[in-house]
Each structure stands twice: as structure tokens, then as C-alpha cells.
Amino acid sequence: MLSFVVDAKDKNCSARAGTIKTTHGIIETPIFMPVGTVGSVKTLTPDELYEIGATIILGNTYHLHLRPGDDIVAHFGGLHRFMNWKRNILTDSGGFQVFSLADLNKITEDGVEFKSHIDGSKHFFSPEISMEIQKKLGSDIVMAFDECVPYPSEKSYVAKSLERTTRWAKRCKEYSLDYHQSLFGIVQGGVFKDLRKISADQLIDLDFPGYAIGGLSVGEEIPLMYEIAEYTAQLLPEEKPRYLMGVGTPEDILNGISFGIDMFDCVMPTRNARNALLFTSEGRLSIKRADLAKSDDPIDKNCDCYTCRNFSRGYLRHLYKAGEILAMRLNTIHNLHFYISLVKSARNAIINGNFEAFKNDMLLKLNQGGN
Ligand SMILES: CN(C)CCSCc1cc(N)cc2c(=O)[nH]c(N)nc12
Ligand SMILES: [Zn+2]
């Protein structure tokens, strides 16, 4: 049970500011969703996530089914209770991970057989099984079970696959979830506009409370990803949330917002943080750099996150070089705060009617080497 209203629209592009309401609270869009695949946003506590302003995090059907098992999570009353997260959770349906992580045995109309990437045990996912797992996890936003076709793929295969993804989406819709859960359809169609139109129209006919754009950020060139994301976003109902899966860099997110996309997720801020690659308002910064050893500056003088308010670049470089776990935690706090603040500032710019200027200014700053 999810509601969405558009609060403001930009005059020169498709950017919009909106509000999603669920039983676990309000989500102001555009929004960036930290990835918490196995029930934790790596290295951070829920309180630290609240402090940086996270209102929704991601969990994953494939991973949680394999470990600890959705029955265990259900035993604790669902994922919110299990990880003590009191705000929103979106769970991916497992399709993407089966195709990208597992040792895939075979795909049939009924579902997919695969072997666990953890212990090689055999498993089977179908639309119904994916829905049952997400019901047990109790996530607020449930993703339909889809096939994310690899890039590049033959157009004939993409065309057949999207039809099956639509049939799977229909089966997902027919499955009864908990009253508080909302199911999003996932548009496929590869990099072919005519197939994207077919997929979008079929899913719109099924009438979902929100729609995701899948099948992108899978290795295609960035300009092509932008072209298909923009085209597909414009096919989707204006009054429903639009989620671009697995995207992306700060630049990708600003461009995605200008296409009319509301929701984004990516492992980049958390994964880069653990590899000492930090995002700042003056470009990217590798905190490993030897010349930072005596720097008493914060990561970003324009950032008010806990890390930038309390620690120097020199100290953070030392922690990283010493292999201290605290390095990953402090870097993650900063990178997630950067992403969440970026989309919050974008929302304010849309409301104030100056998003284009904001976007162009940020794109310039993000790519300078001013560190
Ligand atoms: C951490 N995130 C990368 C995981 C959540 S988003 C995963 C994800 C990423 C991408 N790029 C495409 C697809 C897709 O087409 N379908 C599904 N179900 N998930 C997808
Ligand atoms: Zn910071």
C-alpha cells in the first residue's frame, strides 16, 4: 500500500520532486537507496543511516534466501525486525542475482534452476517463490521476478525474454502479498526502443503502483544507457514512481533525475568507500594518496557529515593504510551522506525551479580535479 504525489516539476526538463508514503514512513524523491543486500548496509548501524538521512534501503531475495534463509528472517518477524530498521525496505526479486551471480542451470517458463554461489546447493526460483520470499521478508516495495538480459543480446532473444518477463510479472501480481507491501513491475527490452515500448505498455496494462527500468547498467555504453533510460522513463505513467535499477555515479543520477526518474540504487558509494575512493563537491578523492599524509583538511570542506566534522584527511589516510575497520566506516558515512545530500539538493532545486542550473553546476564540480 503505497501512495505517490508529484510535489513539483521542472519547466525545462522532466525532473520532478515527489513524495512516496508507505506504512514505514515518507520517502521524498528523488531518492538514493543505500544497498543492504544481506540485511546490513555494510559497516553502518541503523542509527548512523538515520543520521545521514536514509529513508529506504535495499535488501535482496536471492542473498537472504541463501543465507540466513527467509524462514529464519520470518522467524524474527521479517527483515525490519531482524535488522532493527524502522524505515522503508525495497527488496529486489532475485532474478538479476540468479542470472549474474549463481551457477545458472536452466530457465523455463515456470522459473529458473540455479546453484548457490555460496555452497553450490541446488535451488529453484519462480515468480511465486520470489513473491513468497519477499512476503516473508516483509519489505515495503517488492520487485517483480524478471529476467535481466545481458548486454549485448540478440534482439530476437530480448523480444522473447520480455514477453516471459511480462507473463512472470502477471503471476507476481496474482500472488497475494501482505497488505503493506507494494509490487513494482520491471521494464525490460534491452537497448531496443521498440521492445522497451512493448514491455512498458504490457506492464502498464497490468497496472502496478510503481515501475522500475531494468536491463540497464549492465555494461552498455553510458550514452546508450542514458538514451534508453530517458526514452523508457517517458513511457511510464507520470503519476507513478520510476526506479532506475543499479544506477549509478553522481553524474548518472543527476542525468537520470532530468529524465524524470525518482529512485536510484547503486553499490558505488559503499563499495568505493571501502576502497578509499571518496566523492566530494570538488571531484573524486583517493584517500590513499601519499600527499594527504599531513593534510588537516576534511574530505570535503562543503560537507557536514560526521566524518567531515570530526576527522582529517591525514587521519583517514592513516586508518586506511593501517587496515583499520574504522576507515571503511568513516568513508562509508561520508560517501552515503554525499549521495543522499546530492539527491536532497536536487529535490530542493526542482522545488525552487533551478534544477538545470544546479545540475550543470554539479556536473562541472564533480569532474574537476580540485582535490
Ligand atoms: C545492489 N543493486 C545493484 C541490486 C539491486 S538492483 C539490481 C539490478 C540492477 C540492474 N542493473 C538491472 C536489474 C534488472 O534488470 N532487474 C532486477 N531485478 N534487478 C536489477
Ligand atoms: Zn563528509
Side-chain angles (χ1 to χ4, degrees), residues 32-38 41-42 51-53 56-64 89-101 112 125 127 130 134 139 141-151 153 158 161-162 165 168-169 172 183-191 196 199 211-220 225 228-229 232 243-248 252 256 263-271 273 278-282 285 287 297-313 316 330-342:
F32 178 78
M33 305 183 283
V35 173
T37 303
V38 297
V41 176
K42 290 180 173 38
E51 195 201 342
I52 60 176
I56 179 169
I57 60 170
L58 254 63
N60 195 285
T61 296
Y62 169 85
H63 293 85
L64 289 164
I89 298 175
L90 180 151
T91 43
D92 196 7
S93 52
F96 180 79
Q97 289 72 29
V98 165
F99 291 106
S100 60
L101 275 179
V112 291
F125 270 3
S130 173
Q134 294 182 77
S139 48
I141 299 177
V142 168
M143 300 311 292
F145 188 69
D146 64 326
E147 179 183 3
C148 171
V149 292
Y151 175 81
S153 286
V158 178
S161 169
L162 81 84
T165 285
W168 283 356
C172 290
L183 174 64
F184 278 23
I186 304 179
V187 180
Q188 291 293 345
V191 293
R196 285 281 169 179
S199 177
Y211 296 87
I213 300 172
L216 291 177
S217 189
V218 288
E220 74 282 2
M225 189 264 276
I228 300 300
T232 309
Y243 165 24
L244 180 53
M245 303 188 89
V247 172
D252 296 341
M263 301 164 72
F264 303 87
D265 95 273
C266 190
V267 293
M268 193 167 276
T270 40
R271 187 174 291 168
L278 305 176
F279 294 93
T280 83
S281 55
E282 295 176 346
L285 175 74
I287 199 68
D297 293 334
I299 294 172
D300 185 342
K301 63 181 183 306
N302 300 314
C303 179
D304 64 352
C305 83
Y306 171 73
T307 302
C308 290
R309 282 185 280 115
N310 291 285
F311 305 101
S312 67
R313 291 175 171 192
L316 293 167
L330 294 174
N331 291 351
T332 300
I333 287 170
H334 169 77
N335 270 2
L336 279 181
H337 180 277
F338 182 87
Y339 264 66
I340 289 170
S341 306
L342 179 74

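All values below were derived from every heavy atom in this structure, side-chain atoms included, with hydrogens, water molecules and symmetry-related copies excluded. Start at 1 and go down the list; that is how both ligands and their atoms are numbered. If you read the sequence from its start, that first residue is 1, and numbering goes on from there.
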Exercise. Output yes when the distance from some N or O of ligand 1 to some N or O of Thr37 is under 3.5 Å, and no in every other case.
Key: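 In fact, backbone or side chain, Thr37 has no N or O that close.
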For residues [X] and [Y], report the shortest heavy-atom separation together with the two atoms involved.
X	Y	result
Pro34	Ile56	CD-O, 3.2 Å
Asp265	Gly246	OD1-N, 2.6 Å
Gly185	Ala144	CA-CB, 4.3 Å

Taking [atom] as the reference point, the nearest protein heavy atom with its distance:
atom	value
atom 19 (N) of ligand 1	Asp92 OD2, 2.8 Å
atom 15 (O) of ligand 1	Gly215 N, 2.7 Å
atom 16 (N) of ligand 1	Asp146 OD2, 2.8 Å
atom 11 (N) of ligand 1	Leu216 O, 2.7 Å
atom 1 (C) of ligand 1	Asp265 OD2, 3.3 Å

Exercise: do [X] and [Y] side chains pair donor with acceptor under 3.5 Å:
X	Y	result
Tyr62	Asp92	no
Thr165	Glu147	no
Thr37	Asn60	no

Between [X] and ligand 1, which part of the residue brings a heavy atom under 4.0 Å of the ligand: side chain, backbone, both or neither?
X	result
Ala212	neither
Val247	neither
Met143	neither

Exercise. Evaluate the side-chain hydrogen bond (donor to acceptor under 3.5 Å, both in side chains) criterion for residues Gln134 and Ser139: first the C-alpha distance (whole Å), next the side-chain angles of each, then the deciding distance (0.1 Å), finally the verdict.
Key: CA-CA 6 Å; Gln134 294 182 77; Ser139 48; 4.5 Å; no
Pull out every atom of ligand 1 sitting under 4.0 Å from any heavy atom of [X], numbered as shown with elements.
X	value
Leu58	5 (C)
Ile186	18 (N)
Val267	1 (C)
Val35	1 (C)
Gly214	14 (C), 15 (O)

Self-check item: Name, closest N/O/S atom of His334 to the Zn ion (ligand 2)
Solution: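 The atom in question is ND1.
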Exercise. Give the intermediate values and the outcome of side-chain contact (heavy atoms from CB on, under 4.5 Å) for residues Leu58 and Thr91.
Key: CA-CA 6 Å; Leu58 254 63; Thr91 43; over 6 Å; no
Practice problem: Take Ile52 and Cys305 through the test side-chain contact (heavy atoms from CB on, under 4.5 Å) and record every step on the way to the result. | Solution: CA-CA 7 Å; Ile52 60 176; Cys305 83; 5.5 Å; no
Quiz item: Does even one non-hydrogen atom of Ser93 get within less than 4.0 Å of ligand 1?
Solution: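 Distance cut 4.0 Å: Ser93 passes for ligand 1.
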Quiz item: Hey, is Glu147 one of the residues with a heavy atom under 4.0 angstrom from ligand 1?
Solution: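 Heavy atoms of Glu147 never come under 4.0 Å of ligand 1.
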Exercise. From the options Tyr151, Tyr243, Phe96, select the one whose nearest heavy atom is closest to atom 17 (C) of ligand 1.
Key: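 The residue whose heavy atom sits nearest atom 17 (C) of ligand 1 is Phe96.
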Practice problem: On the 0 to 90° scale, with breaks at 30° and 60°, tag the Tyr339-Phe279 ring pair as parallel, tilted or perpendicular. | Solution: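 Tyr339 vs Phe279 ring planes: perpendicular.
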Practice problem: Measure from the side-chain N and O atoms of Arg196 to the backbone N and O of Ile228, and report whether any donor-acceptor pair falls under 3.5 Å. | Solution: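 No; judged by distance alone, with no hydrogens or angles, the pair does not exist.
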Quiz item: When you measure from the side chain of Gln188 to the backbone N and O of Ile186, does any donor-acceptor pair fall under 3.5 Å?
Solution: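 Not confirmed, Gln188 side chain does not pair with Ile186 backbone.
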Quiz item: To the nearest 10 degrees, how large is the angle at the Zn ion (ligand 2) between Cys303 SG and Cys305 SG?
Solution: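 Cys303 SG and Cys305 SG form an angle of 110° at the Zn ion (ligand 2).
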